[in-house]
*Asks:* 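Once you've had a glance at the structure underneath, I'll fire off some questions.
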Amino acid sequence: MEEKYYPQEIEEKQQARWAAAASFKSTIDPTKKKFYCLEMLPYPSGRIHMGHVRNYSIGDALSCFKRMSGYNVIHPMGWDAFGMPAENAAIKIGARPDEWTFENIASMRGQLQRLGFGYDWDREIATCTPEYYRWNQWFFIQMWKKGLLYRKNAVVNWCVKCNTSLANEQAEGGFCWRHEDTPVEHRELEQWFIRVTSYADELLDSLADLEGRWPERVIAMQRNWIGRSRGAEIDFTVDGEPERRIRVFTTRVDTIYGASSIILAPEHQLIEEWIRQGAVSQEIVDFNTQQKALDIEERQAEGREKVGHFTGHYAINPFNGERLPVWTANFVLTGYGTGAIMAVPAHDERDFEFSVKYGLPVTRVIVSDGLSGDNDEAVSEPFTPKDDNCHLIASGEWTGMSVPAAQSAMISRAEERGFGKAKVNFRIRDWGVSRQRAWGSPLPFIHCVKCGIVPVPEESLPVVLPPDLNYRTQGAPLAEHPSFVNVPCPDCGAPARRDTDTMDTFVDSSWYYFRYCDPQNDSLPFDPQVASYWMPVDQYIGGIEHAVLHLIYTRVWAKIMRDLGLITFSEPVTRLLTQGMVCLASYRCEEHDWLFPDDVTNGNCRFCQRPVAVGRIEKMSKSKKNTVDPDEMIKIYGADTVRLFMLFAAPPEKDLEWSEAGAEGSSRFLNRVWRIVYKWHDQFEGAIEGECSPAARALRRKTHQTIRRVTNDIAERMNFNTAVAGMMELTNEVYAFDGTLKNGATPVDRFVIREALEALARLLCPFTPHLAEALWANLGHDQIVLTSDWPDFDEALAREEELEIPIQLNGKLVARIVAPAEISDNDLIGMALANEKVIARLEGKQIIKTIVVPKRLVNLVAK
RNA sequence: GCGAAAGUGGCGAAAUUGGUAGACGCACCAGACUUAGGAUCUGGCGCCUGACCGGCGUGGGGGUUCGAGUCCCCCCUUUCGCACCA
């Protein structure tokens, strides 16, 4: 054994041993319980960053622990390999996207291997290979046949930087998800859509099953995103044109007697029609033109003023025959509900604001129970509770009914009379999956003038992306590739055109982890039998940023696969952990923007000498110039230290601040472990279990307690940070015991030390696998420790013999006494009462009550 | 504005069921070893009080309890998500 710890040497050597032994290869074994541990696959940008290191350190620690605990673990890795950066490289430097991508994959795979993560590389996939995207195409054809995929002309979100359309999830808040400073535009395009809305109810309802297993935050975000609201659609006829109806959506049909106007979105088709017919004033025409010209950002600007105009038309309230003015206004959204609302100013904040501004009447129709309520007094603010402690007033025959009762009764009436019906609306939309990019999965469809849209026959899949595309063109590279575009129609043989869009890359990541189960299959995306062994994923680990992107799409995809008969379950991910970000302080100069730490001297900008705002601690990012390169840290400290720090510095779901001093602390600990193992590794001859000295017994106890604690911290809570703290304590105890052996160690002492060090080596496996492996070998073992058993502990040896028991007087600590662990309550009280401090403090007082919590404390209540 | 989470030493954090607040680590201080140490080992380290004794202490205020970081109510702050969704 080397006297000093040389991490780089050890790491290379142990990685070679694992590779030679195929330590992380997984195969189906029906006799063993499986555990599928999955981390979100990276985009092959070229370099891994600290966020990846953290993500994968967590996953690897758990995988290793589960493997050692007897599970048949599958722990795969792959590449989300389609996407914009490769295409940009093609445009900027003339690279071939496939070559560029595979080079990046090779270098990142090397980085992951140097970190020693235990992946089964035989299962590796890259989503840009025809062997993979072929199955995207296959899925699309199955969905098309089932009506789950369709094509329509639609107004879509368009990012000018990506130069493509985006799904709603990718344009949240009006900005592109990849370019947070770029507002999306509206464009009208013919697009492919996946019918996500037909799963909306199920997506929402089964979130309840994920509670306790998925982070509350993610569940809340998905609930909000799906956004189900139950209400009714009610038809108002246009006054004077009884055949023409305006359908509104409302969740508060009970307030309909308080409606004082009907408001249409500027894009509403009736407005368009009236404009065509010249049935509205020039004012309305101008307003309409102006509103439609605004982009999403402008329309959503904070505090935007509500603006509207009276159209000159009226509509009839079907419940009471009242004649209501029809307006058009900017705050009514075209994409939600019917694009038309009934405004009830007394019971809706937006309607109130609008109606007050334009002098529309405000009529109360709901009041709290116990109040009579009338409309003699002006309404000063809207009253919006929806609970059943309110009832209706001034509402004809419905007056006096509770809100929920009125809602169902009024919907029934509308249904009877044919002017309305119950209706559930969702915020979530169908998933727009067309992308006007070339580096993506081609769509397996052919457009024929005679036959329409014809799917490519399954036996001719995959539709391969041509390797010789010209990316440096104004137009679409795929459309400019004649032999790709011009194909005969599979049905009639006439000349036809291939679809030249590609799929959203979120399609690739929606099902990639199913492919890991059966990565070579060339007749199906995966064998259902094989998937039924490994799936669902037991633990998924990744960033929160995918809460309503990937994590919704992948739930949808599983339900689609279930309906295609490929799987029998509906939720693909049993447990989800969203790890915190890796952060570092950032620096910003008002003139030179973000600065590297090296460009800040004495708090001033190196370029302009202006004082630098010592920025907030922010997520590491290139644009903020606060990144730390994992490779450099590995060179300095070794992979084990970097991994240990990632797990020790904070609990996994919390943000973590990278700290060089903290990394040094982790390194110091590993060196400390190494040194004590070095000191003892050849001292175990004649070691024998036997009667221990008190100090030796204490160390044994600590060893067994530590095994118990580390096991529990990982298995029950995934609190790797406290597990590490436990191992540090054990190490400290070994040093303390070592310090007591000035006069030499007995054979029993040697046994106890070996037991502690072997336990430590095995407990370290999930955290610092290379070091653990090297220690294990140096302790005289031939087999690979990472694939050996997790240590057991002996409850009897872990049990404390004596306990320090705090004595409280009226809940305040007055003394601590040391008592045998198994002492009776009465004896413990006796010891407490005999304590000097207790006697002094009790003087002149009477004990009223005594509380004993066995093994924890004694509380004397006295007056 | 709505929703969610969080607030504990100089710092990162522990405290698993209401039961010794601050484990473990960083930084700092002292001692030992040493030619030297930014190595290593040992000790100290919430605040006030010179030490003891004692008092205070988990964002602030109230409450429940023998006992509250933990449970309940009100308030403040921060972070995150949503943001005209009728």
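Labels below follow one simple rule: chain letters A, B, ... track the order of the sequence lines, proteins then strands, and each chain is numbered from 1.
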*Asks:* In whole angstrom, give me the gap between the P atoms of rA4(B) and rC73(B).
*Replies:*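 Per the computed distance, 13 Å lies between those P atoms.
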*Asks:* Just the rounded figure in Å: distance from P of rG81(B) to CZ of R217(A).
*Replies:*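 Those two atoms, CZ and P, are 8 Å apart.
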*Asks:* Considering only rA23(B), rC26(B), rA86(B), which nucleotide approaches the side chain of S229(A) most closely?
*Replies:*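 Shortest atom-to-atom distance from the side chain points to rA86(B).
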*Asks:* Just verifying a value: how many Å separate E836(A) CD and I817(A) CD1, rounded to the nearest 0.5 Å?
*Replies:*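 Separation between the atoms: 13.0 Å.
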*Asks:* Counting only side-chain heavy atoms from C-beta out, which of rG25(B), rA86(B), rA83(B) sits nearest to R427(A)?
*Replies:*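 That would be rA83(B).
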*Asks:* In the structure shown, which nucleotide is the Watson-Crick or G-U wobble counterpart of rG3(B), with both distances under 3.5 Å?
*Replies:*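 The base-pairing partner of rG3(B), which may sit in any strand shown, is rC80(B).
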*Asks:* For P806(A) and N859(A), take the nucleotide of RNA chain B holding the closest heavy atom to each; which residue's nucleotide lies nearer the 5' end?
*Replies:*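 With P806(A) and N859(A) compared, the 5'-side residue is P806(A).
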*Asks:* Across the strands shown, which category fits G665(A) at heavy-atom distances under 4.0 angstrom: base, sugar-phosphate, nothing?
*Replies:*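 Since only primed, P, OP1 and OP2 atoms lie under 4.0 Å of G665(A), the category is sugar-phosphate.
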*Asks:* To the side chain of R672(A), which of rC26(B), rU42(B), rA21(B) is closest?
*Replies:*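 Closest of the options to the side chain of R672(A): rU42(B).
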*Asks:* Quick check for you: among rC82(B), rA13(B), rC66(B), whose closest atom lies nearest to any side-chain atom of I851(A)?
*Replies:*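 The listed nucleotide nearest to I851(A)'s side chain is rC66(B).
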*Asks:* Looking only at side-chain N and O atoms, does R856(A) come under 4.0 Å of OP1 or OP2 in rA15(B)?
*Replies:*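 For rA15(B), OP1/OP2 do not have a side-chain N/O of R856(A) under 4.0 Å.
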*Asks:* Starting the side chain at C-beta, find the nucleotide from rA86(B), rA13(B), rG19(B) nearest to V853(A).
*Replies:*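 Shortest atom-to-atom distance from the side chain points to rG19(B).
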*Asks:* Can you tell me the pairing partner of rU17(B) across any strand shown, Watson-Crick or G-U wobble, with both distances under 3.5 angstrom?
*Replies:*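 Its partner is none (no Watson-Crick or G-U wobble pair with both distances under 3.5 Å).
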*Asks:* In whole angstroms, how far is the P atom of rA86(B) from the CZ atom of R230(A)?
*Replies:*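 Those two atoms, CZ and P, are 13 Å apart.
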*Asks:* Between D201(A) and R228(A), is there a side-chain N and carboxylate O pair less than 4.0 Å apart?
*Replies:*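 Between R228(A) and D201(A) there is a salt bridge, with a charged N closer than 4.0 Å to a carboxylate O.
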*Asks:* Measuring only the P atom in each nucleotide, how far is rA14(B) from rC24(B)? A whole number of Å is fine.
*Replies:*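 Pairwise P distance, rA14(B) against rC24(B), rounds to 14 Å.
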*Asks:* What interatomic distance, in whole Å, is found between P of rG19(B) and the corresponding atom of rG3(B)?
*Replies:*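 One P to the other, the span is 31 Å.
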*Asks:* Looking for any heavy atom pair under 4.0 Å, which part of the strands does A649(A) touch: base, sugar-phosphate only, or nothing?
*Replies:*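 Here A649(A) touches the backbone only, sparing every base.
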*Asks:* When you check the gap from the basic side-chain N to the acidic O, do E801(A) and R701(A) get nearer than 4.0 Å?
*Replies:*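 Salt bridge flag = yes for R701(A) with E801(A).
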*Asks:* Any side-chain N or O of T722(A) less than 4.0 Å from the OP1 or OP2 oxygen of rC24(B)?
*Replies:*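 Checking rC24(B) against T722(A), no side-chain N or O comes under 4.0 Å of OP1 or OP2.
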*Asks:* Paired with rC47(B): which nucleotide, if any, by Watson-Crick or G-U wobble criteria at under 3.5 Å for both distances?
*Replies:*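 Check on rC47(B): paired to rG55(B), both distances under 3.5 Å.
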*Asks:* Please check: side-chain N/O of N157(A) versus main-chain N/O of A171(A), any donor-acceptor pairing under 3.5 Å?
*Replies:*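 Checking the backbone N and O of A171(A) against the side chain of N157(A), no donor-acceptor pair under 3.5 Å is found.
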*Asks:* If you assign each of T251(A) and D713(A) to its closest nucleotide in RNA chain B, which residue comes earlier from the 5' end?
*Replies:*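 On the 5' side of the pair lies D713(A).
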*Asks:* Answer yes or no: does a side-chain N or O of K812(A) lie under 4.0 Å from OP1 or OP2 of rG67(B)?
*Replies:*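 It does not, given that no N or O in the side chain of K812(A) lies less than 4.0 Å from OP1 or OP2 of rG67(B).
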*Asks:* Atom CD1 of I246(A) to atom C1' of rA86(B): distance rounded to whole Å?
*Replies:*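 These atoms are roughly 15 Å apart.
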*Asks:* Name the nucleic acid region contacted by K306(A), choosing base, sugar-phosphate or nothing; use a 4.0 angstrom heavy-atom cut-off, strictly under.
*Replies:*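 It contacts base atoms.
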*Asks:* Tell me whether the OP1 or OP2 atom of rC26(B) has a side-chain N or O from R668(A) closer than 4.0 Å.
*Replies:*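 For rC26(B), OP1/OP2 do have a side-chain N/O of R668(A) under 4.0 Å.
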*Asks:* R717(A) side chain N/O closer than 4.0 Å to the phosphate oxygens (OP1, OP2) of rA15(B)?
*Replies:*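 Yes, R717(A) has a side-chain N/O under 4.0 Å of OP1/OP2 on rA15(B).
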*Asks:* For rU17(B) and rA68(B), measure between their C1' atoms and round to the nearest Å.
*Replies:*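 One C1' to the other, the span is 14 Å.
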*Asks:* Give a yes/no answer on whether the side chain of R223(A) brings an N or O atom under 4.0 Å of OP1 or OP2 in rC2(B).
*Replies:*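 The answer is no; no side-chain N or O of R223(A) sits under 4.0 Å from OP1 or OP2.
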*Asks:* To the nearest 0.5 Å, tell me how far I805(A) CD1 sits from K855(A) NZ.
*Replies:*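 The distance works out to 9.5 Å.
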*Asks:* Rounding to the closest angstrom, what is the interatomic distance between rG43(B) and rG59(B) at atom C1'?
*Replies:*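 It comes out at 34 Å once rounded to the nearest Å.
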*Asks:* Counting just side-chain N and O atoms, does R709(A) come under 4.0 Å of either OP1 or OP2 of rA15(B)?
*Replies:*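 No, because none of the side-chain N or O atoms of R709(A) sits under 4.0 Å from OP1 or OP2 of rA15(B).
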*Asks:* Taking atom C1' in both rA15(B) and rU64(B), what distance in whole Å separates the two?
*Replies:*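 So the two C1' atoms sit 22 Å from each other.
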*Asks:* Kindly point out which of rA23(B), rC41(B), rA14(B) is positioned nearest to the side chain of N721(A)?
*Replies:*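 Nearest to the side chain of N721(A) among the choices is rA14(B).
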*Asks:* Taking the six-membered ring of F331(A), is NZ or CZ of K306(A) closer than 6.0 Å to its centre and within 45° of its axis?
*Replies:*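 Pair K306(A)/F331(A) counts as cation-pi.
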*Asks:* Could you check how far CG of N719(A) sits from P of rA13(B), rounded to whole Å?
*Replies:*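 Between P of rA13(B) and CG of N719(A): 13 Å.
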*Asks:* Between R675(A) and E3(A) (salt bridge meaning N to carboxylate O under 4.0 Å), is one present in this structure?
*Replies:*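 Between E3(A) and R675(A) there is no salt bridge, as every charged N stays at least 4.0 Å from the carboxylate O atoms.
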*Asks:* For the side chain of L857(A), counting heavy atoms from C-beta on, which of rC24(B), rG19(B), rA21(B) is nearest?
*Replies:*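 It is rG19(B).
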*Asks:* Mind checking E804(A) for me? I need base, sugar-phosphate or nothing, with any heavy atom below 4.0 Å counting as a touch.
*Replies:*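 It contacts base atoms.
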*Asks:* Rounded to whole angstroms, how far apart are CG on N671(A) and C1' on rG25(B)?
*Replies:*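 Rounded to whole Å, this separation is 15 Å.
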*Asks:* Atom CG of N712(A) to atom C1' of rA15(B): distance rounded to whole Å?
*Replies:*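 So the CG-C1' distance, N712(A) to rA15(B), works out to 14 Å.
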*Asks:* Which one, rC66(B), rA86(B), rG12(B), comes nearest to the side chain of D348(A)?
*Replies:*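 Side chain of D348(A) sits closest to rA86(B).
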*Asks:* For rC71(B) versus rU20(B), give the span between their P atoms, rounded off to a whole number of Å.
*Replies:*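 It comes out at 16 Å once rounded to the nearest Å.
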*Asks:* For the pair made of CD in E211(A) and P in rA4(B), what is the distance, rounded to whole Å?
*Replies:*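 Roughly 13 Å, once rounded to whole Å.
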*Asks:* For rG37(B), does the O4'-C1'-N9-C4 (purine) or O4'-C1'-N1-C2 (pyrimidine) torsion place it in syn, i.e. within 90° of 0, or in anti?
*Replies:*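 Here the answer is anti: the torsion falls beyond 90° from 0.
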*Asks:* Could you give the distance separating rC33(B) and rC53(B) at their C1' atoms, to the nearest angstrom?
*Replies:*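 So the two C1' atoms sit 38 Å from each other.
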*Asks:* Should N732(A) be listed as having a side-chain N or O under 4.0 Å from OP1 or OP2 of rG25(B)?
*Replies:*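 Yes, within the criterion.
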*Asks:* Answer yes when E795(A) and R708(A) have at least one side-chain N-carboxylate O distance shorter than 4.0 Å, and no when they do not.
*Replies:*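 Salt bridge flag = yes for R708(A) with E795(A).
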*Asks:* Which part of the nucleic acid, if any, lies within reach of E657(A) when heavy atoms closer than 4.0 Å are counted: base, sugar-phosphate only, or nothing?
*Replies:*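 Contact class for E657(A): none.
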*Asks:* Can we say R54(A) and E653(A) salt-bridge, meaning some charged N sits less than 4.0 Å from an Asp/Glu carboxylate O?
*Replies:*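 No, R54(A) and E653(A) are not salt-bridged.
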*Asks:* Look at the side chain of R841(A) and decide which nucleotide, out of rG55(B), rA27(B), rA86(B), has an atom nearest to it.
*Replies:*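 Of the options given, the side chain of R841(A) lies nearest rG55(B).
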*Asks:* So S666(A), base contact, sugar-phosphate only, or nothing? Heavy-atom distance under 4.0 Å.
*Replies:*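 Answer is nothing: S666(A) stays at 4.0 Å or more from every strand.
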*Asks:* With heavy atoms under 4.0 Å as the rule, sort A650(A) into base, sugar-phosphate or nothing.
*Replies:*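 Result for A650(A) = nothing.
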*Asks:* L647(A) has an atom CG; how far is it from atom P of rC24(B), in whole Å?
*Replies:*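 Nearest whole value for this atom pair: 20 Å.
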